[in-house]
Number of protein chains: 2
Amino acid sequence: MRFSKQRELIKNIVQTTNLHPTADWIYKKAKKNISNISLGTIYRNLSQLNQDGIINIIYDNNKARYDWNTVSHDHLKCNKCGDITDIHMHTEELQKKVWNQYKFEADNIEINITGICNKH
Amino acid sequence: MRFSKQRELIKNIVQTTNLHPTADWIYKKAKKNISNISLGTIYRNLSQLNQDGIINIIYDNNKARYDWNTVSHDHLKCNKCGDITDIHMHTEELQKKVWNQYKFEADNIEINITGICNKH
DNA sequence: ATAGTAATAGGAATTATTACTATTTATAAA
DNA sequence: TTTATAAATAGTAATAATTCCTATTACTAT
Ligand SMILES: [Mn+2]
Ligand SMILES: [Mn+2]
Ligand SMILES: [Zn+2]
Ligand SMILES: [Zn+2]
């Protein structure tokens with residue numbers, strides 16, 4: 001993978017927010033630095049960065065969000081303000097359980113909890 | 001909500017499969033009975049049925065799937081064959097945990113586990 | 001039967017994402 | 001340094017999933 005200032009910028013944007021931004025949010029932010037950057041470049045680089053284990057993708061209903069935190073963790077999504085916050089459930093236990101009970105070899109466990117956050 | 005043969009058919013299709021079908025799968029199946037049914041009707045009725053608690057919606061990456069089983073449960077998705085199977089984790093504990101630790105009032109907990117199923 | 005209401009079909013619009021292509025750019029060899 | 005070339009880019013078109021719109025149809029209560 002060759003260096004590009006676009007990829008560097010995109011990586012930096014993702015790595016300096018905890019908002020779990022969408023591609024479009026990242027695109028708007030990136031345009032402030034590189035005004036003619038294209039949305040295709042955003043998507044291409046986000047998926048490259050994901051493939052290289054540098055960032056994570058999470059799915060919020062029918063859109064992707066990007067997470068700087070590649071360590072396995074889970075999310076709380078507030079129905080009122082839309083905020084997504086990190087939590088850590090102990091998925092190792094679940095992983096064991098699905099193996100023991102279903103002989104299912106889990107490689108990823110994602111827990112998405114929706115409800116009302118403590119700001120309301 | 002008034003009776004309609006379209007809604008009855010859509011409900012029946014969802015309630016007689018455990019495949020967690022997409023809107024498009026349901027559409028194709030429905031057309032065999034009502035050849036001029038429209039995709040808009042599929043979506044409208046699926047979301048009505050969901051609002052009335054008759055069926056459930058689950059999100060598989062960036063598309064919706066529909067589940068006849070409205071009792072809280074979770075899913076295993078196989079990366080090889082794409083099959084989605086039901087499991088039951090004990091989410092009551094998780095619900096308590098997020099309340100105690102984060103004061104987050106959970107109304108829905110979805111656990112999505114991907115990996116390799118016991119058919120491979 | 002008629003009127004009022006609720007549902008429909010069909011297509012247009014929207015949103016998120018991917019694909020295509022001509023041009024530019026990073027890197028490494030000559 | 002110049003040059004070769006593979007990778008990346010901008011811009012645009014295409015696709016996929018979903019929602020919105022509107023004229024028409026079907027039920028229901030008078
Ligand atoms: Mn996170
Ligand atoms: Mn299910
Ligand atoms: Zn909130
Ligand atoms: Zn499988």
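A, B, ... follow the sequence lines: proteins, then strands. Residue 1 opens every chain.
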How long is the gap from CG on A/Asn112 to CD1 on A/Ile58, to the nearest 0.5 Å?
->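 Taking CG in A/Asn112 and CD1 in A/Ile58, the distance rounds to 7.0 Å.
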In Å, rounded to the nearest 0.5 Å, how long is the span from OG1 of A/Thr41 to CD1 of A/Ile10?
->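 Reported to 0.5 Å precision, the distance equals 6.5 Å.
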I'd like to know if [X] and [Y] make a salt bridge, using a cut-off of under 4.0 Å between side-chain N and carboxylate O.
{"X": "A/Lys77", "Y": "A/Asp60", "result": "yes"}
{"X": "A/Asp24", "Y": "A/Lys63", "result": "no"}
{"X": "A/Glu8", "Y": "A/Lys5", "result": "no"}

With a distance cut-off below 6.0 Å to the six-membered ring centre and an angular limit of 45° from the axis, does A/Lys103 pair with A/Trp99 as a cation-pi contact?
->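 Here A/Lys103 passes the 6.0 Å and 45° test against A/Trp99.
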Name the stems that DNA chain D belongs to, where each is three or more consecutive Watson-Crick or G-U pairs with both distances under 3.5 Å?
->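 So the stems come out as C:1-30 with D:1-30.
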Answer yes or no: side-chain N or O of A/Arg2 and base N or O of C/dT25 forming a donor-acceptor pair under 3.5 Å.
->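 When only heavy-atom distances are counted, A/Arg2 does reach the base of C/dT25 through a donor-acceptor pair under 3.5 Å.
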With a 4.5 Å heavy-atom cut-off, do [X] and [Y] have their side chains touching?
{"X": "B/Ile54", "Y": "B/Val14", "answer": "no"}
{"X": "B/Ile111", "Y": "B/Thr91", "answer": "yes"}
{"X": "A/Leu9", "Y": "A/Arg7", "answer": "no"}

Base, sugar-phosphate, or nothing for A/Asn45, non-hydrogen atoms under 4.0 angstrom?
->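 If one applies the 4.0 Å heavy-atom cut-off, A/Asn45 turns out to touch the sugar-phosphate alone, with no base involved.
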Closer than 4.0 Å, any side-chain N/O of B/Arg44 to the OP1 or OP2 of C/dT8?
->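 Indeed, a polar side-chain atom of B/Arg44 lies that close.
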Expressed as a whole number of angstroms, how long is the span from [X]:[atom1] to [N]:[atom2]?
{"X": "B/Gln51", "N": "C/dA7", "atom1": "CD", "atom2": "P", "value": "12 Å"}
{"X": "B/Asn61", "N": "D/dA16", "atom1": "CG", "atom2": "P", "value": "17 Å"}
{"X": "B/Lys5", "N": "C/dA6", "atom1": "NZ", "atom2": "C1'", "value": "15 Å"}
{"X": "A/Ile57", "N": "C/dA16", "atom1": "CD1", "atom2": "P", "value": "15 Å"}
{"X": "A/Gln48", "N": "C/dT17", "atom1": "CD", "atom2": "C1'", "value": "16 Å"}
{"X": "A/Tyr59", "N": "C/dT17", "atom1": "OH", "atom2": "C1'", "value": "10 Å"}
{"X": "A/Leu46", "N": "D/dT9", "atom1": "CG", "atom2": "P", "value": "11 Å"}
{"X": "B/Phe3", "N": "C/dA7", "atom1": "CZ", "atom2": "P", "value": "12 Å"}

Measure from the side-chain heavy atoms of [X] and tell me the nearest of [options].
{"X": "A/Ser4", "options": "C/dA7, C/dT25, D/dT9", "value": "D/dT9"}
{"X": "A/Lys63", "options": "C/dA16, D/dT9, D/dA6", "value": "C/dA16"}
{"X": "B/Gln6", "options": "C/dT8, D/dA10, C/dT27", "value": "C/dT8"}
{"X": "B/Arg7", "options": "D/dT9, D/dT18, C/dA7", "value": "C/dA7"}

Selection: residues 32-43 of chain A, any non-hydrogen atom under 4.0 Å of DNA chain D |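 Those residues are A/Asn36, A/Ile37, A/Ser38, A/Thr41.
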With hydrophobic residues grouped by side-chain heavy-atom distances under 4.5 Å, do B/Leu94 and A/Val98 end up in a single group?
->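 Yes.
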